[in-house]
There are 2 protein chains.
Amino acid sequence: MRVLIVEDDETLADGLSVGLRLQGFTPELVTCCADAREALAQGGFSAVVLDLMLPDGSGLDLLAGLRAGGDRLPVLLLTALDQVRDRIGGLDAGADDYLGKPFDLGEVSARLRAIIRRAEGRASALLEWNGLRLDPSRMSGEMEGRELRFSRREFSVLRALIETPGVIVEKDRLEERLYGWQEGVESNAVEVHVHKLRGKLGAGFIETVRGVGYRLAEPRP
Amino acid sequence: MRVLIVEDDETLADGLSVGLRLQGFTPELVTCCADAREALAQGGFSAVVLDLMLPDGSGLDLLAGLRAGGDRLPVLLLTALDQVRDRIGGLDAGADDYLGKPFDLGEVSARLRAIIRRAEGRASALLEWNGLRLDPSRMSGEMEGRELRFSRREFSVLRALIETPGVIVEKDRLEERLYGWQEGVESNAVEVHVHKLRGKLGAGFIETVRGVGYRLAEPRP
DNA sequence: GAGGCGCGATGCGGGTTCTGATCGTGGAAG
DNA sequence: CTTCCACGATCAGAACCCGCATCGCGCCTC
């Protein structure tokens with residue numbers, strides 16, 4: 001997940017960058033509004049971590065410009081200014097969030113995930129592969145005219161697989177998806193869910209790659 | 001999009017102003033009816049956010065005057081909680097929607113967008129799904145010819161669901177809707193309201209998605 | 001003071017998920 | 001080709017969590 005970090009304090013920027021990378025994000029770093037605009041214009045980001053105080057202007061202006069242009073990209077604001085936080089506090093937009101310095105890295109990534117998830121719910125893009133269509137906002141799927149229902153865990157696994165169809169997803173990564181990269185399970189829970197999914201999707205839809213993980217099968221020509 | 005905010009509480013006005021700017025609006029701020037009339041006379045606004053209690057009169061009078069003059073400008077009414085009941089009749093005086101304090105900024109901008117779209121003729125004023133029609137300005141609904149009345153909380157929940165029919169709304173989200181941005185208290189209030197709603201709408205209208213939230217059921221063919 | 005509403009608490013019921021055991025299988029080594 | 005081992009598949013039960021239906025209390029409105 002690519003995340004744009006807009007932060008001019010070098011120490012902070014480095015910390016954020018390393019921290020977010022450890023959490024599975026792919027951070028990209030810019031240090032001023034101008035560079036940020038340029039990067040955003042290229043697209044491909046899932047979210048922005050934005051400092052308020054920047055050398056060439058306020059992050060608020062950057063954000064306002066973004067919104068005025070109709071861009072709904074999730075934005076996490078970093079602010080050292082308590083009064084600003086107070087002014088805005090509690091009135092923050094549903095899609096965005098604010099964090100006052102100093103902050104803890106765990107919280108940054110947690111909130112990032114939260115706002116990204118929300119934004120995805122808004123977009124409600126259909127995921128599709130090999131005759132299966134998934135609707136994340138409904139946690140349901142459709143295959144050959146039949147509607148498929150999934151439990152939360154089942155859906156998480158399937159979604160992780162269908163986001164990169166055909167690509168192998170390591171079992172560890174799937175576990176992360178389910179349990180949030182903090183505590184793993186000590187059992188074959190993932191396998192169980194895969195098994196249930198196979199029951200619903202038919203054998204052969206999910207392939208096993210021994211010793212590595214799972215992937216969705218390529219369509220039969 | 002220029003929006004006129006008529007609000008005398010400074011904290012609130014600031015918050016609104018900053019928040020709406022973040023959402024891509026161009027807010028303008030006045031603190032009393034007189035200034036509001038002056039600003040409106042100049043035109044160029046897409047909507048008005050209007051507080052009821054103002055130093056030099058009620059926002060209702062302002063609104064009435066506006067409508068009497070034939071102005072159809074979309075108006076979003078802000079009301080303190082305890083005023084809702086008293087003043088709700090005034091919504092028939094021409095407000096397009098209302099919002100009780102405390103409110104969440106995301107909701108303010110969402111509703112602003114909605115009433116602006118509506119004014120441009122691109123959306124209907126009524127929320128409708130599967131035989132149920134909701135009238136936000138009356139907090140009432142209609143189903144199979146019967147009129148349904150809802151309490152404020154019930155209506156909030158139902159409205160949140162019907163705004164994205166068929167889509168799962170997380171319970172956290174529903175709680176946010178009920179309590180504003182505050183930390184959700186430990187309670188099953190949402191469940192209770194859903195229960196009451198089911199009593200009025202019939203079982204099966206609202207579906208439970210275990211571990212996630214609720215959604216309105218798809219119409220049965 | 002009656003009634004409606006909102007909130008919190010409770011116990012029950014049932015789905016979901018985890019766990020551990022066992023069985024099946026692929027693949028490399030011999 | 002056979003054997004063996006490690007990993008995955010399958011299964012059933014247990015544990016857990018969640019949601020449901022109530023109830024009572026407090027508050028506000030009538």
Side-chain angles (χ1 to χ4, degrees), chain A residues 139-140 148-158 160-161 168-180 182-215 217, chain B residues 79-89 100 102 139-140 148-161 168-180 182-215 217:
Chain A
M139 242 176 62
S140 69
L148 298 173
R149 291 290 182 110
F150 304 100
S151 77
R152 201 154 51 102
R153 297 267 131 112
E154 287 166 15
F155 195 82
S156 293
V157 171
L158 182 53
L161 291 174
I168 301 172
V169 183
E170 289 94 7
K171 211 183 323 196
D172 289 354
R173 208 153 283 264
L174 289 175
E175 249 178 44
E176 267 179 32
R177 271 300 261 267
L178 291 183
Y179 311 114
Q182 5 193 1
E183 297 163 48
V185 279
E186 25 192 281
S187 82
N188 54 358
V190 171
E191 279 128 338
V192 172
H193 292 304
V194 169
H195 174 235
K196 287 193 176 171
L197 282 172
R198 289 212 246 245
K200 294 181 180 179
L201 300 169
F205 197 91
I206 300 178
E207 285 181 356
T208 303
V209 185
R210 267 183 91 82
V212 187
Y214 297 91
R215 51 173 253 180
Chain B
T79 75
L81 286 185
D82 47 9
Q83 293 177 323
V84 174
R85 291 189 175 283
D86 306 334
R87 309 291 188 155
I88 203 156
M139 257 183 34
S140 70
L148 299 173
R149 316 231 81 206
F150 303 101
S151 76
R152 202 168 57 84
R153 301 290 195 198
E154 286 167 16
F155 194 82
S156 291
V157 170
L158 184 53
R159 177 172 180 161
L161 290 173
I168 300 171
V169 183
E170 288 107 28
K171 195 148 47 167
D172 289 355
R173 202 61 103 100
L174 290 174
E175 239 173 53
E176 270 179 32
R177 274 298 264 264
L178 291 182
Y179 310 125
Q182 297 166 6
E183 289 299 313
V185 255
E186 198 80 14
S187 152
N188 58 354
V190 170
E191 286 151 33
V192 173
H193 293 305
V194 168
H195 174 233
K196 290 192 175 168
L197 282 172
R198 288 211 246 247
K200 295 181 180 178
L201 300 168
F205 198 90
I206 301 178
E207 283 182 0
T208 303
V209 184
R210 253 189 108 73
V212 187
Y214 297 90
R215 49 171 261 181

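Note: hydrogens, waters and symmetry copies are ignored here, and every other heavy atom, side chains too, is used. Chain identifiers are assigned alphabetically (A, B, ...) following the order of the sequence lines, protein sequences preceding nucleic acid strands; residue numbering begins at 1 within each chain.
With contacts defined as side-chain heavy-atom distances shorter than 4.5 Å, the pair Leu158(A)/Leu201(A) qualifies. With contacts defined as side-chain heavy-atom distances shorter than 4.5 Å, the pair Glu170(A)/Val212(A) qualifies. Side-chain atoms of Tyr214(B) and Thr208(B), non-hydrogen and from C-beta on, do get closer than 4.5 Å to each other. A heavy-atom distance below 4.5 Å is not found between the side chains of Arg177(A) and Val169(A).
Taking side-chain N and O atoms only, His193(A) has a distance below 4.0 Å to OP1 or OP2 of dC18(C). Not one side-chain nitrogen or oxygen of Ser151(A) sits closer than 4.0 Å to the OP1 or OP2 atom of dG15(C). Dashed line: the shortest gap from a side-chain N or O of Thr208(B) to OP1 or OP2 of dC18(D) is not under 4.0 Å. At the phosphate of dA9(D), OP1 or OP2 sits under 4.0 Å from a side-chain N or O atom of Tyr214(A).
Closest-nucleotide positions on DNA chain D for Lys171(B) and Gly213(A) were compared, and the one nearer the 5' end corresponds to Gly213(A).
dT16(C) atom P lies 15 Å from atom CG of Leu178(A), rounded to whole Å. Distance Arg149(B) CZ to dG4(C) P: 14 Å, rounded to the nearest Å. When rounded to the nearest whole Å, the span between CZ of Arg152(A) and C1' of dC17(D) equals 9 Å. Arg210(B) places its CZ atom 12 Å from the P atom of dC17(D), with the value rounded to the nearest Å. Between the CD atom of Glu191(A) and the P atom of dA12(D) there is a distance of 18 Å, rounded to whole Å. In this structure, Arg153(A) places its CZ atom 10 Å from P of dC18(D), rounding to the nearest Å. For the pair Leu197(A) CG and dT17(C) C1', the computed distance is 13 Å after rounding to whole Å. Between the C1' atom of dA21(D) and the NE2 atom of His195(B) lies a distance of 6 Å, rounded to the nearest Å.
For dT22(D), its base never sits under 3.5 Å from the side chain of Asn188(B) at any donor and acceptor pair.
Ranking dG8(D), dG6(C), dG8(C) by closeness to the Val192(B) side chain, first place goes to dG8(C). Here the nucleotide nearest the side chain of Ala189(B), chosen from dT17(C), dC7(C), dC18(C), is dC7(C).
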- Evaluate side-chain contact (heavy atoms from CB on, under 4.5 Å) for Lys196(B) paired with Arg153(B), printing each intermediate quantity in order. CA-CA 10 Å; Lys196(B) 290 192 175 168; Arg153(B) 301 290 195 198; over 6 Å; no
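Nucleic acid contact class of Val194(A) (heavy atoms, under 4.0 Å, all strands): none.
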